[in-house]
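The following block contains the structure, expressed as structure tokens.
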Amino acid sequence: MAGPDINATREFGGSVDFGRVAGEYRSHRAGFPDRFFRVLSHRRWAIPGERALDLGTGTGTVARGLARLGLTV
């Protein structure tokens, strides 16, 4: 099985300016509803005092929601 095409990935990354679309991304990615975090808490999937790692955080809505539940993110 062939691996990823690193040169194609670099070429793509060099031609995209994510900073130019950050405002639009933020506008259209309002985040998760409070109910989502209540369910995580109710099911004990997010417990105050635990640590969480949010990879590829984007606008940070998940990280902020988990922090509001008392997790260290």
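Values below: every heavy atom of this structure, side chains too, minus hydrogens, waters and symmetry copies.
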Return a table of donor-acceptor pairs under 3.5 angstrom between the side chains of residues 48-56 and protein atoms on other chains or two or more places apart.
unit_1	atom_1	unit_2	atom_2	d
Asp54	OD2	Thr57	OG1	2.7
Asp54	OD2	Ala63	N	3.4

Holding to side chain to side chain contact (heavy atoms under 4.5 Å, CB included), I want the full list of residues that pass it with Phe36, two or more places apart in sequence or in another chain. Phe32, Pro33, Leu40
Output every pair passing ring pair (Phe, Tyr, Trp, His ring centres under 6.0 Å) with a member in residues 37-71, not counting sequence neighbours, ordered by first then second residue. none
Taking only residues two or more places apart in sequence, or in another chain, which ones meet Ser41 in a side chain to side chain contact (heavy atoms under 4.5 Å, CB included)? Leu69
ILVMFWY clustering at 4.5 Å (side-chain atoms), partners of Ile47: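 None; Ile47 is a cluster of one.
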If a pair satisfies side chain to side chain donor-acceptor pair (under 3.5 Å) and one of its residues is in residues 64-73, list it, with sequence neighbours excluded.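 Of all non-adjacent pairs touching residues 64-73, none passes side chain to side chain donor-acceptor pair (under 3.5 Å).
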